[in-house]
Amino acid sequence: MEKIILILICLLFLTSCKKEKAIELQDFNFNNKTSAYFSDKDKYKTYDNYYQIKSEVIGVDTIADGEFIGSEKPIRIEYRQEMFSYEDVLARFDDFDFNAINFATTVDGRMMVFNAVAGKISLEETKKFVELLDEKYGKSKVSKETFIKPYDIYTWHLGDRIIKYCIVGDDGSNTLKIEAPQKNNSGEKESHIRAFLYIIKNEYASQVIGKMNSGDLLYCK
């Protein structure tokens, strides 16, 4: 009887430790079609060109070149999150979870850039993630860009892809002074940080880096 109880406890423990299913990003496959992430069954019931995965609602938008009014040519299709839940895990890199996804494809469906968003991440987790990628891919190049306020970008150049990790303040002021988190009224340290991971196919780097101006994709500079 004691053996049975022990086995049941072990099974319950292993079940509770099982990771939530998510898109694996470490060896991201650019050959995947959009159907790998959602299909017609995920279409949002109320509006056209929207999909729902767990709590995330994703809108689809065809982007034109904007060069000639009235005869613009479509240049890519963007899939952008409109809302998500901090409780959901949609993507994962090693042991780091991401709550939302965005991506852009060519007009004929080839993946250009895939983005995963950590809606709330601590300073310590952010540092650990950079350390993980530095160990895996070599020392990152650090730069600073500005959208309302400056934010930091860590970049790794690999054989077929570029990885960018952008750390953006999310405390209302968009401050990026993440080295010294503020204290709340109880005296505990807290930081409001949102992190954006971009996996960019080298072939399309010049077409997406600094070219996307909407939603979470705009931080890819």
Can you get from Phe93 to Tyr37 by hopping between Ile, Leu, Val, Met, Phe, Trp and Tyr side chains that sit under 4.5 Å apart?
yes
Under 6.0 Å between ring centres: does that hold for Tyr79 and Phe38?
yes
Nearest heavy-atom approach of Tyr165 to Ala195 is OH-CB, 3.4 Å
Six-ring centre of Tyr86, Lys120 cation under 6.0 angstrom, axis tolerance 45°
yes
Do NZ/NE/NH1/NH2 and the carboxylate oxygens of Asp94 and Arg92 come within less than 4.0 Å?
no
For Lys41, enumerate each residue passing the salt bridge (charged side-chain N to carboxylate O under 4.0 Å, His left out) test, keeping only those at least two apart in sequence or located in another chain.
none
Only counting residues at least two apart or in another chain, list the ones meeting salt bridge (charged side-chain N to carboxylate O under 4.0 Å, His left out) with Asp61.
Arg80
Can you tell me if Asp88 uses its side chain to pair, donor with acceptor, with the backbone of Ser85 under 3.5 Å?
no
Ring center gap for Phe28 and Phe114 short of 6.0 angstrom:
yes
For Met212 and Cys220, work out which heavy atoms get closest and say how close.
CE-CB, 3.8 Å
Taking all atoms of both residues into account, what is the closest heavy-atom pair of Ser140 and Asp134, and its distance?
N-OD1, 2.8 Å
Report the residues that fulfil salt bridge (charged side-chain N to carboxylate O under 4.0 Å, His left out) with Lys43, sequence neighbours left out, ordered by chain and then residue number.
Asp40
Salt bridge (Lys or Arg N to Asp or Glu O under 4.0 Å) between Asp108 and Arg110: does it pass, once the steps are laid out?
CA-CA 6 Å; Asp108 60 356; Arg110 288 171 292 170; 3.1 Å; yes
Basic-acidic side-chain contact under 4.0 Å: Asp65, Lys73
no
Please lay out, stage by stage, how Tyr151 and Lys144 fare under the test side chain to side chain contact (heavy atoms under 4.5 Å, CB included).
CA-CA 6 Å; Tyr151 62 94; Lys144 194 177 289 289; over 6 Å; no
Are Lys54 and Glu56 within salt-bridge range, i.e. N to O under 4.0 Å?
no
Taking every heavy atom of Ile162 against every heavy atom of Ala205, the minimum-distance pair comes out as CD1-CB, 3.9 Å
Exercise: identify the closest heavy-atom pair between Val107 and Pro74
CG2-O, 3.6 Å
Within the 3.5 Å criterion, strictly below it, is a donor on Asn102 or Asp216 matched to an acceptor on the partner's side chain?
yes
Tightest non-hydrogen contact, residues Arg76 and Gln207, listed as NH1-O, 3.8 Å
